[in-house]
Amino acid sequence: MAGIDLKEVQHTRGVDLAVWPPRYDPSWRPPPDEEHWLPQVECAEPAARDELILAKLRHQLRWAWERSPFYRRKWLEAGVSPDTLRSLDDLRRFPVVQKADLRLAQAAHPPFGDYLCVEPGEVARIHGTSGTTGHPTVFGVGRQDWARVGEAHARILWGAGIRPDDRILICSFFSLYLGSWGALEGGQRLGATVFPFGAGVAGQTLMAVGWARALRPTAFYGTPSYALHFAETARRERIDPKTLGLRLLFFSGEPGAGIPATKRQIEETFGGSCLDMGSMAEMTPWMTNAECRHRTGMHLWQDLVYTQVCDPETWQPVPFGAEGTPVYTHLERTSQPMIRLVSGDRARWVDGPCACGRTYPRLPEGLYGRIDDMFIVRGENIYPSAIEDTLRAIDGFGGEFRVVVSRREAMDELLIQAEYAQTHADRRQSLQQAMRERLRARLGVHPQIELVPEGTLPRTEFKARRVIDDRDLYRSFGAGR
């Protein structure tokens, strides 16, 4: 492989990349003072690494073609096959996969769909979506795939700065949700002490604060919303979150850790570094979009999951510097490989250098929203992440907000309910005015601001849902008259 000596990689790093799927030595890890887990690949010239990626991709496509009626059917309809792939650029010729395609495949071929590429008896773990839309998706993960999940997460957490002497407090659901399990597997694989506390039970956050005070974890995993809820709970107990000793907090599940004002608030609250991670549960190992300890945006760990940032209408890759939606392709997955799965997230990618020395493309602002999260008010495109970033930068904001979009006669109305801090209870009028002016400048529309006391709006232990669009009620009423 030009530029990457695979024998040297195997000898010094415990992974055989000359075979597919790669074979990993589960006992190997770098010395704690090393910056990189696999420097020959992470810091390679992109063209040299692309040769490795192309070799992996050829194996992955051939595997799916031979074992999955789903992919064979889809590719034949598009006039492509594994023989079509002569370069990485040829991947753009393959059709994308939408989540709706997966649900239909599982409905027709329960429970795993006809894109399961191993025998059902080889499935070691079953996870899935929560089914909040009424259509849960089942993830069947093979035993060897699960081991590779741990390897990938360990390598990426190492890049974030986690080391064997760290103690990771995992405050997220241990359930069908995959995020917690990936953090657990990765932390264990790199030799850290993992503390799977979980979330979701009444009173559990208060207990977590007590345990954190007693056991002094150095790292925290959850969602950004939950971390701020955790901090509020600590303060109610007269515990300064900074005294808990968390030096590193890493997140997935929502875009908060990539929103500048939210990242800054988390770092100021805990006195530790805030790192943004994650992609999609279907793409396990999902942590393949991840910041390193320098926090310059999410690296795309392309030799694990190959990512194209694409135009959301044509599904063709956009140039570096442009915005699109990530489209993901597994490179080491045998059980339920995803090949050109559309994320629906919004991101901008760049290929500039990072201080860590890794040469991967990056998402400098992370995943800062979803294509379908956008709503239009009076002709302006509004994103919840822009509202959050604006509010959290205002002194006196109380920590939580809610957006209500409605219609009065023929005009859209944007109401933002925002909490005020108790320290600003006697300055609500000026605070309301500041919020209105900054949001109008950021969003391009005049919002109505309703201030409510700190602690009024609901907190979440999982993914925050802050937008209520009541215009459908208006449309239904109007259509029925």
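The figures here come from the full heavy-atom set of this structure, side chains too, leaving out hydrogens, waters and symmetry mates. Along the sequence shown, residues are numbered consecutively beginning with 1. Computed from a predicted model, the values in this text were never measured in an experiment.
A donor-acceptor pair under 3.5 Å is absent between the side-chain atoms of Asp240 and the main chain of Thr243, judged by distance alone. Side chain of Glu254 to backbone of Ser225: a donor-acceptor contact under 3.5 angstrom is found. The backbone N or O of Pro21 lies less than 3.5 Å from no partner atom in the side chain of Glu332, so there is not a single donor-acceptor pair. Using modelled atom types, no side-chain atom of Arg29 and backbone atom of Pro164 make a donor-acceptor pair closer than 3.5 Å. Between the side chain of Arg348 and the backbone N or O of Gly324, no donor-acceptor pair lies under 3.5 Å. Panel note: side chain Arg143, backbone Val123; no donor-acceptor pair is recorded below 3.5 Å.
Between Arg466 and Glu400 there is a salt bridge, since at least one side-chain N of the basic residue sits less than 4.0 Å from a carboxylate O of the acidic one. A salt bridge is defined here as a Lys NZ or Arg NE, NH1 or NH2 lying under 4.0 Å from an Asp or Glu carboxylate O, and Arg346 with Glu323 meets this definition. Salt-bridge formation is detected for the pair Arg155/Glu42: a Lys NZ or Arg NE/NH1/NH2 atom is positioned less than 4.0 Å from an Asp or Glu carboxylate oxygen. For the pair Arg392 and Asp389, the salt-bridge criterion is not met [side-chain N within less than 4.0 Å of a carboxylate O].
Closest approach of Pro317 and Gln308 over heavy atoms only: CG-NE2, 3.8 Å. The two atoms that bring Leu304 and Ile156 nearest to each other are CD1-CD1, 4.1 Å, heavy atoms only. Between Gln336 and Gln106, the shortest heavy-atom contact is NE2-NE2, 3.7 Å.
Within 6.0 Å of the CD atom in Glu119, the count of heavy atoms belonging to other residues, nucleotides or ligands does not exceed 12. The neighbour count for Glu35 CD, taken as heavy atoms of other residues, nucleotides or ligands under 6.0 Å away, is above 12. Counting non-hydrogen atoms of other residues, nucleotides and ligands closer than 6.0 Å to NZ of Lys7 gives a total of 12 or fewer. Residue Arg58 qualifies as enclosed at atom CZ: its count of foreign heavy atoms under 6.0 Å is above 12.
Side chain to side chain, Ser273 and Arg295 meet the donor-acceptor criterion of an N or O pair below 3.5 Å. Side-chain N/O atoms of Ser279 and Asn289 include no donor and acceptor closer than 3.5 Å. Between the side chains of Arg23 and Gln10, not a single donor N or O lies within less than 3.5 Å of an accepting N or O. A donor atom on one side chain and an acceptor atom on the other are not found under 3.5 Å apart for Thr329 and Gln60. For the residue pair Thr390 and Arg442, a side-chain donor N or O sits within less than 3.5 Å of a side-chain acceptor on the partner. Using modelled atom types, one finds no donor on one side chain facing an acceptor on the other under 3.5 Å when comparing Ser87 with Asp89. Side-chain contact, Thr233 with Arg235: no donor N or O sits under 3.5 Å from an acceptor N or O. Residues Asp90 and Thr84 have side chains that never bring a donor and an acceptor to within less than 3.5 angstrom of each other. In summary, the side chains of Gln40 and Thr12 do present a donor paired with an acceptor at a separation below 3.5 Å, with no hydrogens or angles considered.
In this structure Arg13 satisfies the salt bridge (Lys or Arg N to Asp or Glu O under 4.0 Å) test together with Glu34, sequence neighbours excluded.
Residues in residues 304-345 take part in these ring pair (Phe, Tyr, Trp, His ring centres under 6.0 Å) pairs, two or more places apart or across chains: Phe320-Trp349.
Trp75 and Tyr71 have tilted rings, their planes meeting at an angle from 30° to 60° on a 0 to 90° scale. Ring planes of Phe397 and Phe401: tilted class, angle from 30 to 60°. A parallel orientation is assigned to the rings of His59 and Trp20, their planes being inclined by less than 30° (bins at 30° and 60°).
Geometric assessment of Arg213 against the ring of Trp211 yields a negative cation-pi assignment under the 6.0 Å and 45° thresholds. Cation-pi check for Arg125 over Trp146 is met; the charged atom lies under 6.0 angstrom from the ring centroid and within 45 degrees of its normal. The cationic group of Arg163 lies under 6.0 Å from the six-membered ring centre of Trp158 and within 45° of the ring axis, placing it in a cation-pi geometry.
With rounding to the nearest 0.5 Å, the separation of NE2 in His127 from OG1 in Thr284 is 8.0 Å.
A centroid separation of less than 6.0 Å is found between the aromatic rings of Trp286 and His153. Aromatic pair Tyr226/Phe251: ring centres not closer than 6.0 Å.
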